[in-house]
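Note: hydrogens, waters and symmetry copies are ignored here, and every other heavy atom, side chains too, is used.
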Amino acid sequence: MRKSVTSVFAVGLVGLVVILAAGGVPQAGSSDTFRQLKLFGDVFERVRAEYVEEVTDEALIESAINGMLTALDPHSGYLDAKKYRDMQVQTKGEFGGLGIEVTMEDGLVKVVSPIDDTPAHRAGIQAGDVITHINTEPVLGMTLAEAVERMRGPVDTSIALTLRRPGREEPLDVSMARAVITISPVRWRAEGDIGYLRVTAFNEQTDANLRTAIEDLQSQLGPSLKGVVLDLRNNPGGLLEQAVAVADVFLDRGEIVSTRGRRTDNIQRFNARRGDLVDGRPMVVLINGGSASASEIVAGALRDHDRAIVMGTPSFGKGSVQTIMPLPGHGAIRLTTARYYTPAGTSIQAKGIVPDIEVQQSRIEIIDQGLGRREADLRGRLENDQSGGGDDAEVSDDDDPVVSDGAPVDEPPADQAEDYQLARALDLLRGVAMFGARSIQ
């Protein structure tokens, strides 16, 4: 029986090859193809019959398909039905869930933070809560992915969580209904007079979220907005059309990216439309080794058009485009179908975007240089003849200047001290703005 199944399977593959050949797709000679398919059938039958444990035909065939695709390049592969659904959730940026960011700690799921206006937030779940049970099932022993999958589900379905909260002895039982949760791939804030935009992924929400972020920053800062930092560090990429849309936000004209397939006539060009939402204000794009694919498209386009200064460390170097091809009744294949090129015609494949200004992530250390004397510390000095000069109360009898709490006056803010690359980007933009203002005067 097994031999007949294998034979049917091999004949089916041969039929598929013949159909493809009839469609004009170049193939090896039919006899060579048949020999290779027969080899596959022989191996398939041997594994089914003699492997130490029983393996389903479905698992073997899926593994064979995946092996064929992954042997092509690191980014092609087979997605079974579950992985395909997970990928759709990531690219859509929406799912049925509770609205909490979680991590795994000591074998249990710990809440990092609830998302505002979600079932978890309304139910009173707090940062630091530890989830011990999901629908009475213990979390201990689950992986983080398994726990997250159990918390997600169809909208309006109910779920019960048992929590352990710091400072409370008794466990806390919380019930709620799942709702549509939107993953925001854009975070933003004002850094003084600079707008900071952090893009973490390129999903279907990215363009709209970015436009909202810019509107909010312009509302906060108004004419005092001096520049923008676009942070693409550790952004692994995502949808090509979203990369084009993000670059278009900051460009008035010109090509953003081109893609070229195997055939010479398979070339697509994506161009910017008129309308720079930040009105040409100076920009810095931050990248690092975790910036890949769509992130590199944006950074390359803005740099080639002299629209932004790229700062940080060299990017990942993924210069290829993958197409998701659904397989009805199964999952999908992810196949590399093109290479992409920056507006200057440059491929960054296996090279990456090299920043205009290379800045390694570092820790700022304040070096104690002692309490050096200044003119204002000297006895008998001349007083400043303009208002606000000199203050004898600030000089002690031993001529040492007073320093409040021992803290250096020029110590950078804590957030900048923790993110050296961002601090340098902000310094650059403020310097450009200052120089521009003096040039106008």
Side-chain angles (χ1 to χ4, degrees), residues 74 185-189 191-202 210 226-238 243 246-247 249-251 254-257 278 280-320 339-367 410-436:
V186 181
R187 299 172 185 171
W188 66 94
R189 65 178 183 267
E191 289 279 354
D193 51 5
I194 304 296
Y196 173 75
L197 299 164
R198 167 85 173 121
V199 179
T200 58
F202 289 88
L210 182 64
K226 297 294 190 299
V228 172
V229 175
L230 180 62
D231 190 350
L232 300 177
R233 291 174 298 176
N234 298 319
N235 182 328
V246 167
V249 164
F250 304 105
L251 293 173
E255 184 178 297
I256 294 173
V257 67
V278 296
R281 287 181 173 88
M283 283 187 66
V284 169
V285 177
L286 287 175
I287 62 171
N288 65 4
S291 307
S293 193
S295 297
E296 294 171 299
I297 289 174
V298 174
L302 296 179
R303 184 173 68 176
D304 283 2
H305 286 289
D306 296 323
R307 182 61 190 85
I309 293 172
V310 178
M311 180 181 286
T313 55
S315 62
F316 183 77
K318 179 178 175 290
S320 59
R339 298 173 184 263
Y340 76 77
Y341 298 82
T342 70
T346 303
S347 170
I348 58 89
Q349 175 61 27
K351 294 182 179 179
I353 299 286
V354 178
D356 300 306
I357 302 174
E358 185 161 340
V359 178
Q360 297 287 340
Q361 188 64 286
S362 309
R363 296 183 185 277
I364 296 177
E365 180 183 358
I366 305 300
I367 300 175
D410 295 329
E411 183 175 1
D415 58 335
Q416 292 186 36
E418 293 171 1
D419 191 343
Y420 181 73
Q421 292 172 322
L422 175 58
R424 298 290 68 78
L426 297 173
D427 287 345
L428 176 60
L429 287 174
R430 290 183 179 126
V432 169
M434 189 182 300
F435 183 80

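The shortest side-chain heavy-atom distance between Ile357 and Val284 does not fall under the 4.5 Å cut-off. Side-chain contact between Lys226 and Leu429: absent, with no pair of heavy atoms (C-beta onward) separated by less than 4.5 Å. Thr346 is not listed as a side-chain neighbour of Lys351, based on a closest heavy-atom distance of 4.5 Å or more. Side-chain contact between Glu358 and Pro314 is present, with at least one heavy-atom pair separated by less than 4.5 Å. Using a 4.5 Å heavy-atom cutoff, the side chains of Val199 and Val298 are not in contact. Within the 4.5 Å cutoff, no side-chain heavy atoms of Phe202 are placed close to those of Ile297. Side-chain contact between Glu191 and Val229 is absent, with no heavy atoms from C-beta onward closer than 4.5 Å.
In this structure a side-chain-to-backbone donor-acceptor pair under 3.5 Å is present from Asp304 to Ala344. At least one donor-acceptor pair under 3.5 Å links the side chain of Gln421 to the backbone N or O of Val359. Using a distance-only test at 3.5 Å, with no hydrogens or angles considered, no donor-acceptor pair links the side chain of Asn288 to the main chain of Thr313. A donor-acceptor pair is defined here as one N or O able to donate and one able to accept, closer than 3.5 Å; no such pair exists between the side chain of Arg339 and the backbone of Gln349. Put simply, the side chain of Tyr340 never gets that close to the backbone of Ile348: no donor and acceptor are under 3.5 Å apart. Side-chain N or O atoms of Gln361 include one that pairs as donor or acceptor with a backbone N or O of Tyr420 at under 3.5 Å. For the pair Glu296 (side chain) and Lys318 (backbone), a donor-acceptor distance under 3.5 Å is present. Judged by distance alone, the side chain of Ser315 and the main-chain N or O of Gly352 form no donor-acceptor pair under 3.5 Å. Within the 3.5 Å criterion, the main-chain N or O of Ile309 finds no donor-acceptor partner in the side chain of Asp356.
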> Given Leu210 and Phe250, is the side chain to side chain contact (heavy atoms under 4.5 Å, CB included) satisfied, shown in steps?
Replying inline: CA-CA 11 Å; Leu210 182 64; Phe250 304 105; 4.1 Å; yes
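Nearest heavy atom pair, residue Val285 against residue Ala299, reads CG1-CB, 4.2 Å. Across His305 and Glu255, no two heavy atoms sit closer than the pair NE2-O, 2.6 Å. Minimum heavy-atom separation, Ser293 to Ser320: OG-O, 4.4 Å. Contact between Ala294 and Gly238 at its shortest, heavy atoms only, is CB-N, 3.8 Å. Closest approach of Ile353 to Val310, counting heavy atoms only: CG2-CG1, 4.3 Å.
With rounding to the nearest 0.5 angstrom, the CZ atom of Arg424 is 10.0 Å from the CG atom of Asp419. Between the CD1 atom in Ile287 and the CZ atom in Arg303 there is a gap of 7.0 Å [rounded to 0.5 Å]. Leu251 CG to Arg307 CZ: the interatomic distance, rounded to the nearest 0.5 Å, is 7.5 Å. To the nearest 0.5 angstrom, Leu286 atom CG is 9.5 Å from Arg198 atom CZ.
The number of heavy atoms from other shown groups lying within 6.0 Å of OH (Tyr341) is above 12.
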